Amino acid sequence: MQRHLITSAIPYINGIKHLGNLIGSQLPADLYARYQRARGNEVLFLCATDEHGTPAELAAAKAGKPVAEYCTEMHAVQAEIAKGFGLSFDHFGRSSSPQNHALTQHFAGRLADANLIHEVSEQQVYSNADGRYLPDRYIEGTCPNCGYDKARGDQCENCTKQLDPVDLIEPRSAISGSTDLEVRNTKHLYLRQSALKGDLDAWINSKTDWPVLTTSIAKKWLHDGDGLQDRGITRDLDWGIPVRRGDAEWPGMEGKVFYVWFDAPIEYIACAGEWADANGHADWERWWRTDKGAGDVRYTQFMGKDNVPFHTLSFPATLLGSGEPWKMVDHLKSFNYLNYDGGQFSTSQGRGVFMDQALAILPADYWRWWLLSNCPETSDSEFTWELFQQGVNKDLADVLGNFVSRVTKFCRSKFGETVPAGAAYGPREQALIEDLDARVARYVAMMEAMEVRKSAQELRAIWVAGNEYLQSCAPWTTIKEDPEAAAMQIRMGLNLIALYGTLSSPFIPDASAKMLMAMGVEDAQWPSDMAQALTQLSPDHPFTVPDNLFTKITSEDTEKWKEQFSGTRD
RNA sequence: GGCGCGGUAGCUCAGUUGGUUAGAGCGAUCGACUCAUAAUCGAUAGGUCGGGAGUUCAAGUCUCCCCCACGCCA
């Protein structure tokens with residue numbers, strides 16, 4: 001039995017994610033996790049919310065709540081929506097967990113011991129009115145270069161000149177507008193990624209089977225310009241993981257927290273600890289420590305392309321630099337963006353369809369199927385309501401749903417609600433079995449390779465094979481001269497439904513469960529041999545006729561939704 | 001401006017290390033069937049593979065130049 005550790009990029013806490021976020025990591029990760037479980041493999045599938053950093057603080061302030069309370073609430077909201085989409089996380093954790101606090105501080109201590117952290121003195125603007133430091137974006141003023149009066153601390157949007165916040169004329173807080181600011185000296189910790197450049201380069205070069213998108217981004221960051229840069233891993237904020245050196249104080253770092261991008265990926269590991277604690281203290285280290293049983297684990301990460309640098313360089317630098325035998329990622333599957341009707345999905349502008357809205361309109365399977373079968377793997381892909389309607393209606397309602405409907409209803413009216421006996425399978429059935437053996441083998445190969453679109457394509461072809469078979473043997477005609485043959489053909493049809501229920505479950509778990517339940521299959525096993533799989537329902541086995549699996553989307557629906565989602569959210 | 005990824009049938013996309021008449025699904029047209037969610041099945045039509053030059057016996061596939069779209073960065 002294989003063991004699969006699977007993580008999806010962890011969504012940020014400040015709001016509900018859109019469909020582009022969903023298909024960019026969580027959904028394909030879920031597809032893979034469900035597939036591996038269905039194959040009988042041991043899977044630990046983890047995800048969490050990324051809760052630290054300034055955006056969380058600002059969102060909480062806007063909501064008028066303490067940031068910790070805000071995060072707890074939003075975590076519950078996101079967890080509920082994830083459940084609605086059938087995302088089968090073994091644990092949905094939080095980067096603010098005690099486990100992540102301890103582990104992040106542990107890593108910082110190890111890195112410091114390895115002489116991979118150094119202190120840098122910087123000047124930062126402090127706002128007395130806000131009682132906090134103002135990072136680059138949170139300070140505005142007049143550009144010393146062009147006189148533009150809304151220049152930001154890091155750059156003037158008018159003349160594009162790069163600025164240092166302390167150079168701004170008449171600076172003010174972007175949060176409160178206060179001009180009661182002062183420049184303070186502050187010290188920060190930097191991770192010496194440059195010292196690990198050689199190790200990282202060798203590691204990346206050993207990954208010859210990774211997508212080009214992944215390695216090209218990593219190599220660009222490693223080699224462009226002056227190469228990999230050291231990175232600040234602390235901030236002058238209240239909300240975050242306090243800077244400590246393992247269990248000990250870190251002199252000079254009092255009141256500071258780790259930078260969100262330092263602690264967020266560590267949550268992948270800490271989340272396993274959360275999972276263990278929530279499940280009777282299971283042994284989580286056998287998933288993460290190669291010296292404690294994780295040697296045979298295959299670790300796969302899923303993420304959007306914007307996350308690739310952090311997962312190929314920053315996080316591996318943390319793990320390598322610790323000098324401890326942590327499990328490193330084996331395969332990293334990255335995705336391009338899904339566009340919405342000719343433009344980008346936008347959280348800030350509320351453009352596009354958000355996860356809660358999607359579930360309010362249609363069941364999860366509709367979204368899962370369309371998004372996965374149009375997954376932005378090789379390049380950005382496009383969501384339009386017309387494409388969505390076409391894909392869902394044709395594939396789910398017409399090809400699959402109608403197949404289930406025509407077989408079960410025909411059987412009920414001619415033979416009753418048990419599997420009819422009839423004749424033995426003949427040449428036509430043998431040909432179908434051989435065809436499906438080949439198709440299922442291709443489907444499996446594509447799923448193993450995480451070729452999402454091609455897997456969907458093959459699964460669809462497997463559904464179509466059922467309609468082809470039915471059309472060619474035409475039991476509605478056969479029954480007039482040879483009822484025994486018709487009974488056998490329908491027995492095959494019912495067995496096909498059971499097969500589809502199993503094969504389709506990673507893509508459309510709810511509809512698959514309905515198919516299996518209707519066919520009275522209790523304990524579905526992944527098929528290895530079609531001759532066997534297509535005889536699993538024996539004569540006299542009872543079944544039920546399910547309601548139509550999928551309802552078609554009408555053009556009135558799409559018109560309405562197009563209108564509804566054209567503007568901004570709220 | 002630099003860098004990155006793309007530009008293949010009306011639409012969404014496949015096309016391994018260059019090699020026989022460039023593929024799929026949808027849409028369109030025609031036909032078959034009537035069990036079923038006006039569903040299904042079959043057939044047909046449709047492309048000078050963004051443009052130009054080059055390498056080669058042979059290029060959608062390699063090299064160079066240009067154009068276009070998108071993204072990232074400064």
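Every value quoted in this text rests on a predicted model; they were computed, and no experiment measured them.
Counting any heavy atom pair closer than 4.0 Å across all strands shown, Y337(A) reaches no nucleic acid atom. Across all strands shown, N467(A) has heavy atoms under 4.0 Å from sugar-phosphate atoms exclusively, and none from any base. Backbone-only engagement by S381(A) is indicated by non-hydrogen atom pairs under 4.0 Å involving sugar-phosphate atoms exclusively. L549(A) comes within 4.0 angstrom of a base, heavy atoms only. Here V407(A) lies out of heavy-atom contact (under 4.0 Å) with every strand.
Under the Watson-Crick and G-U wobble criteria, each requiring two contacts below 3.5 Å, nucleotide C64(B) is paired to G52(B). Checking G2(B) for Watson-Crick or G-U wobble geometry (two distances, each under 3.5 Å) identifies C72(B) as its partner. Searching all strands for a Watson-Crick or G-U wobble partner of A45(B) with both distances below 3.5 Å returns nothing. When Watson-Crick and G-U wobble pairs are counted only if both distances are under 3.5 Å, A24(B) pairs with U12(B). With a cut-off of 3.5 Å on both Watson-Crick or G-U wobble distances, the partner of A58(B) is given as none.
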*Yes or no on side chain to side chain donor-acceptor pair (under 3.5 Å) for W463(A) and S504(A), after CA distance, side-chain angles and deciding distance?*
CA-CA 9 Å; W463(A) 296 339; S504(A) 311; 3.1 Å; yes
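Distance from the side chain of L470(A) is smallest for C35(B) among the nucleotides A39(B), U12(B), C35(B). With C41(B), C35(B), A36(B) as the choices, the nucleotide that has an atom nearest any side-chain atom of F410(A) turns out to be C35(B). Minimum atom distance to the side chain of E468(A) is reached by C41(B), of the listed C41(B), C35(B), G27(B).
Annotation: G2(B) and C64(B) have their P atoms spaced 16 Å apart (nearest Å). Distance check on atom C1': G71(B) versus C49(B) gives 24 Å, rounded to whole Å. C70(B) sits 29 Å from G54(B) when the C1' atoms are compared, rounded to a whole Å. Nucleotides A58(B) and G47(B), compared at atom P, are 26 Å apart to the nearest Å. Here the separation of G18(B) from U56(B), taken at their P atoms, is 16 Å to the nearest Å. Nucleotides U37(B) and A32(B) have their P atoms positioned 23 Å apart, rounded to a whole Å. Look at the P atom in both G19(B) and C33(B): the space between them is 44 Å, to the nearest Å. For the C1' atoms, the distance linking U44(B) with G51(B) amounts to 32 Å, nearest Å.
If you measure from atom CG of D557(A) to atom P of U37(B), you get 19 Å, rounded to the nearest angstrom. When the P atom of C13(B) is taken as reference, atom CG of L372(A) falls 16 Å away, rounded to whole Å. Summarising the geometry, the separation between CG on L459(A) and P on G25(B) is reported as 15 Å, rounded to the nearest angstrom. Atom CD of Q390(A) and atom P of U37(B) are 23 Å apart (whole Å). Between the P atom of U12(B) and the CD atom of Q389(A) lies a distance of 16 Å, rounded to the nearest Å. Rounded to whole angstrom, the span from the CG atom of L371(A) across to the P atom of U12(B) amounts to 17 Å. The interatomic distance linking F415(A) (CZ) with C35(B) (C1') rounds to 11 Å, in whole Å. To the nearest angstrom, C1' of C5(B) lies 15 Å from CG of D306(A).
Mapped onto RNA chain B by nearest heavy atom, D395(A) and G401(A) fall at different nucleotides, with D395(A) at the one closer to the 5' end. If you find the closest nucleotide of RNA chain B to Q471(A) and to A397(A), the one lying nearer the 5' end belongs to A397(A).
You'll find a donor-acceptor pair under 3.5 Å spanning the side chain of N402(A) and the base of A36(B), going by distance alone.
A donor-acceptor pair is defined here as one N or O able to donate and one able to accept, closer than 3.5 Å; no such pair exists between the side chain of D395(A) and the backbone of R460(A). Within the 3.5 Å criterion, the main-chain N or O of P542(A) finds no donor-acceptor partner in the side chain of E417(A). Checked by atom type and distance alone, the side chain of K333(A) never pairs as donor or acceptor with a backbone atom of Q301(A) at under 3.5 Å.
Using a cut-off of 4.0 Å between Lys/Arg side-chain N and Asp/Glu carboxylate O, D510(A) and R368(A) are scored as not salt-bridged.
Of the side-chain N and O atoms in K454(A), none sit less than 4.0 angstrom from OP1 or OP2 of A24(B). OP1 or OP2 of C26(B) lies within a sub-4.0 Å distance of a side-chain N or O belonging to R460(A). Side-chain nitrogen and oxygen atoms of K552(A) include none within less than 4.0 Å of the OP1 or OP2 phosphate oxygen of A38(B).
The structure places CG of L372(A) at 9.5 Å from OG of S455(A), a figure rounded to the nearest 0.5 Å. Taken from CG in L549(A) to CG in N402(A), the straight-line distance is 11.0 Å, to the nearest 0.5 Å.
In this structure, a donor-acceptor pair under 3.5 Å is present between the side chains of S194(A) and D230(A).
Per the stacking criterion (ring centres < 5.5 Å, plane angle < 30°), W476(A) stacks onto the base of C35(B).
G31(B) adopts an anti glycosidic conformation, its chi angle falling more than 90° from 0.
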